**Q** 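Let me begin by handing over the structure; questions about it come next.
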Amino acid sequence: MSLALATPPFAILPNATPVSVADRGLMLENPGFGRVFTDHMAIVRYSAGKGWHDARLTARAPLQIDPACSVLHYAQEIFEGMKAYRAADGSVVLFRPEANAARFNDSARRMAMPELPEGLFLEAVEQLIRIDRDWIPAVEGGSLYLRPFMFANEVFLGVKPSSEYLFLVIASSVGAYFKGGREAVSLWVSEHYTRAAPGGTGAAKCGGNYAASLAAQAEAIEHGCDQVVFLDAAERKWVEELGGMNIFFVFDDGSIITPPLGTILPGITRDSIMTIARADGIELREEAYSIDQWKADAASGKLREAFACGTAAVVTPIGEVHSTDGRFTIGAGGAGQVTSRIKQSLVAIQRGEAPDRFGWVRPVIQG
Ligand SMILES: *Cc1c(COP(=O)(O)O)cnc(C)c1O
């Protein structure tokens, strides 16, 4: 086994000054998304020649990095997003974490970063959940959002893959992703900006994709919409995905389509929904769908529902689509029946309320 693939043991250094039980209780009352952080973090170092080493579970604290740290200049950075849930039987579970570990390495390869042994990825995530288990909010839809990430840490301004990296996992107590629990979101069709081109980084979960999506997202907000939806870079015709969510279309004959992989991010929620729908006898196709067809099908009633999906926002109905040449409404503009049913099936598996018929649920702490 090469040095890079050996899994170092974690040194466990508990936070000496954790947040008090009373303060934590207040923080967990209405956590929102991505603002409340736990007491600890996992951190592992990589150096060329030495591989992964110095694995620690330690107090969450600011990092000290050199101003010439390469990630600050050339953006070699990747991340994952996953949730730990408290299941009906009191156990704490992860949903398909092996898929996140595998995708992390796919992203690493695309960004010329070292792979992380999947066992080390899972160990870091699970150790953090165990030590910060009391941070899972008891609110409806609450979970512990895990954010594994890796960045280039060499002090060098030359352009090349870094010889040093840090891998970290931080955790955030979260409630609902969209504020106000709104029924459906509105989308703005980006005409000036694209998210990803063939051969680019669209399928890698890297921070740079998000940086490039922000101007388009700002345009969506300016036009009174919640989220941006991107079209393909080559023809500006085919619907790809939102800034951070995949998309599905539900038709009057009961069939569903979702854009094919390639330039989009291969969502684990997307894959899970495809699997559940097919197992339930729904005809589900991965097929290119154009913005013009979308508009025409919404007008004729052939398109009944559309929804976006991802770990953070789960399944979110799409009510309206706006663009420079007007707007159209999908169905009645709210949550459709098929969307609601798919969301229910997925959430029930994730929370241990339905049989784990696909072997997706991994217990981290027994109930
Ligand atoms: C993470 C992400 C998704 C959703 O992926 P999940 O694995 O379902 O959370 C979709 N699109 C983009 C651009 C993403 O970064």
Side-chain angles (χ1 to χ4, degrees), residues 33-34 75 77-85 94-108 110-111 118 121-122 125 141 143-150 169 172 174 176-178 185 187 190 193-197 200-217 220 226-233 238-248 258-277 284 286 306-316 318 339 342-343 345-347 349-350 358 360-362:
F33 185 88
E77 190 270 353
I78 58 170
F79 65 95
E80 273 300 325
M82 50 214 292
K83 283 177 174 172
Y85 306 91
L94 281 168
F95 182 71
R96 305 185 70 184
E98 306 84 0
N100 293 95
R103 185 172 67 187
F104 194 67
N105 282 337
D106 292 341
S107 299
R110 178 63 184 85
M111 305 306 284
E118 289 189 13
F121 180 99
L122 296 174
V125 168
S143 62
L144 193 63
Y145 182 81
L146 285 310
R147 170 53 61 87
F149 62 106
M150 189 211 305
V169 188
S172 175
V174 303
Y177 186 76
F178 288 111
V185 294
L187 302 187
S190 179
Y193 302 107
T194 59
R195 181 186 165 273
T201 59
K205 211 166 172 72
C206 59
N209 287 343
Y210 279 76
S213 75
L214 296 178
Q217 176 64 23
D226 299 302
Q227 291 280 315
V228 60
V229 58
F230 289 102
L231 303 178
D232 77 291
W238 307 105
V239 181
E240 295 219 312
E241 64 170 315
L242 279 50
M245 281 179 271
N246 296 118
I247 193 166
F248 285 78
T258 192
L261 297 182
T263 50
I264 65 168
L265 198 287
I268 294 163
T269 315
R270 172 186 179 277
D271 184 76
S272 305
I273 287 170
M274 286 172 50
T275 302
I276 291 171
L284 195 147
E286 290 178 270
F307 63 87
C309 70
T311 296
V314 197
V315 170
T316 301
I318 297 165
T339 302
I342 286 176
K343 178 175 182 179
S345 304
L346 177 67
V347 170
I349 295 175
Q350 288 174 333
F358 307 105
W360 285 339
V361 178
R362 179 170 164 125

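Everything quoted here is computed from the prediction, not taken from an experiment. Order of listing sets the numbers, starting from 1, for every ligand and every atom in it. Index from 1, following the sequence. Computed from heavy atoms alone, side chains included, the values below leave out hydrogens, waters and symmetry copies.
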**Q** Provide, to 0.1 Å, the distance between atom 11 (N) of ligand 1 and the closest protein heavy atom, together with that atom's residue and name.
**A**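 It is Glu241 OE1, 2.6 Å.
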**Q** Does some non-hydrogen atom of Arg103 fall short of 4.0 Å from ligand 1?
**A**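 Distance cut 4.0 Å: Arg103 passes for ligand 1.
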**Q** Nearest heavy atom to atom 10 (C) of ligand 1 wins, so pick from Gly244, Gly243, Ser213.
**A**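 Selected option, by shortest heavy-atom distance: Gly244.
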**Q** Take Glu286 and Met274 through the side chain to side chain contact (heavy atoms under 4.5 Å, CB included) test and state the conclusion after the steps.
**A** CA-CA 9 Å; Glu286 290 178 270; Met274 286 172 50; 3.5 Å; yes
**Q** Closer than 3.5 angstrom, by distance alone: can the side chain of Arg103 be matched with the main-chain N or O of Pro266 as a donor-acceptor pair?
**A**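 Confirmed, Arg103 side chain pairs with Pro266 backbone.
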**Q** I'd like to check Phe104 versus Lys205 (side-chain heavy atoms, cut-off strictly below 4.5 Å). Are they in contact?
**A**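 Answer no - side chains too far apart.
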**Q** Could you check whether any heavy atom of Arg195 sits closer than 4.0 Å to an atom of ligand 1, since that is the contact criterion I want to use?
**A**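 Under 4.0 Å: yes for Arg195.
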**Q** Could you tell me the residue and atom name of the protein heavy atom closest to atom 9 (O) of ligand 1, and the distance to it rounded to 0.1 Å?
**A**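 Atom 9 (O) of ligand 1 sits closest to the protein heavy atom Thr311 OG1, 2.6 Å.
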**Q** Go through Thr201 and Asn209 one step at a time and tell me if the side chain to side chain donor-acceptor pair (under 3.5 Å) criterion holds.
**A** CA-CA 7 Å; Thr201 59; Asn209 287 343; 2.8 Å; yes
**Q** Do Ile268 and ligand 1 have an N or O pair less than 3.5 Å apart?
**A**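 Yes: some nitrogen or oxygen of Ile268 is under 3.5 Å from one in ligand 1.
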**Q** May I ask whether Ser272 has any heavy atom positioned less than 4.0 angstrom from an atom of ligand 1?
**A**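 Distance cut 4.0 Å: Ser272 fails for ligand 1.
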**Q** Check for a donor-acceptor pair, side chain of Asn246 on one end and backbone N or O of Leu265 on the other, with a separation under 3.5 Å.
**A**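 It does hold such a pair.
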**Q** Would you check if the side chain of Ser190 reaches a backbone N or O of Val229 as a donor-acceptor pair within less than 3.5 Å?
**A**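 No; judged by distance alone, with no hydrogens or angles, the pair does not exist.
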**Q** Relative to the heavy atoms of Tyr210, which atoms of ligand 1 are at a distance of less than 4.0 Å?
**A**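 Answer, ordered by atom number: 2 (C), 12 (C), 13 (C), 14 (C), 15 (O).
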**Q** Under a 4.0 angstrom heavy-atom cut-off, which atoms of ligand 1 come close to Gly267?
**A**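 So the atoms of ligand 1 that pass are 5 (O), 6 (P), 7 (O), 8 (O).
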**Q** Does Tyr85 have its ring centroid less than 6.0 Å away from the ring centroid of Phe95?
**A**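 No - the distance between ring centres of Tyr85 and Phe95 does not fall below the 6.0 Å cut-off.
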**Q** Tell me which protein heavy atom sits closest to atom 8 (O) of ligand 1, plus the residue, atom name and distance to 0.1 Å.
**A**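 The answer is Thr269 OG1, 2.6 Å.
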**Q** May I ask you to decide if Thr311's main-chain N or O and Thr269's side chain share a donor-acceptor pair within less than 3.5 Å?
**A**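 Side chain of Thr269 to backbone of Thr311, a donor-acceptor pair under 3.5 Å: yes, one is there.
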**Q** In the protein, what heavy atom is nearest to atom 1 (C) of ligand 1, and what distance, to one decimal place, separates them?
**A**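 For atom 1 (C) of ligand 1, the nearest protein heavy atom comes out as Lys205 NZ, 1.4 Å.
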